[in-house]
Amino acid sequence: MENEWGPTSWQTKPVAQQPSYGDAAELDAALKTLSSLPPIVTSWEIERLKEKLSRAGRGEAFILQGGDCCEQFEDCNSETIVRKLKVLLQMSLVLVYGSKREVIRIGRIGGQFAKPRSADMETRDGVSLHSYRGDLINRVPFTPEARRPDPQRLLRGYERAALTVNFIRALSEGGFADLHHPENWDLEFVRRMPRSEKYDELLSSLGEAIRFLEAIVQVSTPSLERVDFYTSHEGLHLHYEQSQTRTVPRRNAWYNLSTHMPWIGNRTRSLEGAHIEYFRGIRNPIGVKVGGDVDVQEIAEMARVLNPEKEEGRLTLIHRFGADKIGDQLADTIAAVQRTGTPVVWSCDPMHGNTEVTNNGWKTRSFDKILSELRDSFTIHRDCGSRLGGVHLELTGENVTECIGGSGEVTESDLPIAYKSNVDPRLNYEQAMEIAFLISTEMTK
Ligand code: PEP
Ligand code: CO
């Protein structure tokens, strides 16, 4: 582990969850082009996010990280991007208002295109093809052409990531994101419902507060006219990540410039594996998903390896145990990391430990279990003298029926009505807002 690090040193380690490309020369050519393209984000933005995350670790800010399980290339359009941004902005407003704390908005967006799968191959009616691994690698239809891992898709994905981030940056800079005009963030399909009334109330008192403040200080507050918005994705496809790993002038360090905050998935966090090796050498703030039956010593060692300089904001551990297991696992995990003296930011992903399959084969999640895991997270952190610094959610600004429950009472038989995800079930708008209100209540405790 202590060997010299370089952007390619991961290649000497066992690597999980990579596609098998048929033609190495074709892959090399695509990677060569990729590494010649300009970066999507800058080291200044990355360092600014790390500084904010250090505040989340100290309880001065809270992370709202969310978006699709897996972005689709066809979702790279103005309407879909705007909807995702709207729901995250609305949720962040609820959180800021309730908690009186800064909220750090991080999308699972602008590059969340690669997925880990439980098997390399999928077999239907005696035919075996590559599993769908996300649009960065192949396509969903069960045909040999669509499922072939195609290196050109790395370039198409990078371009879409850049288009998405470009649009988000422009929207965040003013006009659309102006807090004086939160009506810009309304979603047209939202009916009168208990949550939307509560949200409208919040908006009107917020508007009053802003007008009051501006009247008192006799100036308008330009900082309210823009928001910070950061991007993240699972750093799964290591050739892709490597090709965007650069040094920048006057900083003696390597950055992954494809996103602000890449994270390591739960399936690729093996201490001896290639993902830990790659991530230990980049200077971005990074996340690691932590779930299943964890070996707490291994998690503690991982914290040491990924954050040897004990830098605040560097490492976010995103636990995703599931509502039924968090009670057994989280406290010991926290204690083991505390003993290392390594600062980490804790975030709760209440989605990935609560996935279930219905009798009819729909992959879903129960809203009650999601809430229960969130509530328990807050309590367990408090009891351990730790604090929950954020949440990590799969959600969408669409009116989908993928998770069961919530005040809109999505039932099992409603799932087929608007089930759009190709991978994991997401919270719809109403469910997402309900979660935001719950978190803001928990944070005021
Ligand atoms: C995900 O975030 O979509 C995911 C695959 O999560 P995990 O690594 O926690 O299973
Ligand atoms: Co997922």
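Counting starts at 1 for both ligands and their atoms, following the listed order. Computed from a predicted structure; not experimentally measured.
Among all heavy-atom pairs drawn from Asn138 and Arg148, the shortest one is CB-O, 3.6 Å. Nearest heavy atoms, Val423 versus Lys115: CG1-CE, 4.0 Å.
Ligand 1 has no N or O atom lying under 3.5 Å from any N or O atom of Asp349, backbone or side chain. Between Lys115 and ligand 1, a contact under 3.5 Å exists for at least one N or O pair.
Note: His275 and Trp263 fail the aromatic proximity criterion, with ring centroids not under 6.0 Å apart.
When His233, Glu234, Lys289, Met351 are checked for heavy-atom proximity to atom 2 (O) of ligand 1, Lys289 turns out nearest.
Within Asp424, the N/O/S atom positioned nearest the Co ion (ligand 2) carries the name OD2. Its N, O or S atom nearest to the Co ion (ligand 2) is what matters here, and for Glu394 that atom is OE2.
Of the angles at the Co ion (ligand 2), the one spanning NE2 of His352 and SG of Cys69 is 180° when given to 10°.
Regarding atom 8 (O) of ligand 1, its nearest protein heavy-atom neighbour is Asn266 N, 2.8 Å. Arg320 NE, 2.6 Å is the protein heavy atom nearest to atom 9 (O) of ligand 1. Of all protein heavy atoms, the one closest to atom 4 (C) of ligand 1 is His352 NE2, 3.4 Å.
At a 4.0 Å cut-off, at least one heavy atom of Arg108 sits close enough to ligand 1 to count as contact. Contact analysis leaves Gly291 out of contact with ligand 1, as no non-hydrogen atom separation drops below 4.0 angstrom.
Two residues are said to be in side-chain contact when any heavy atoms from C-beta on lie closer than 4.5 Å; Val15 and Glu277 fail this criterion.
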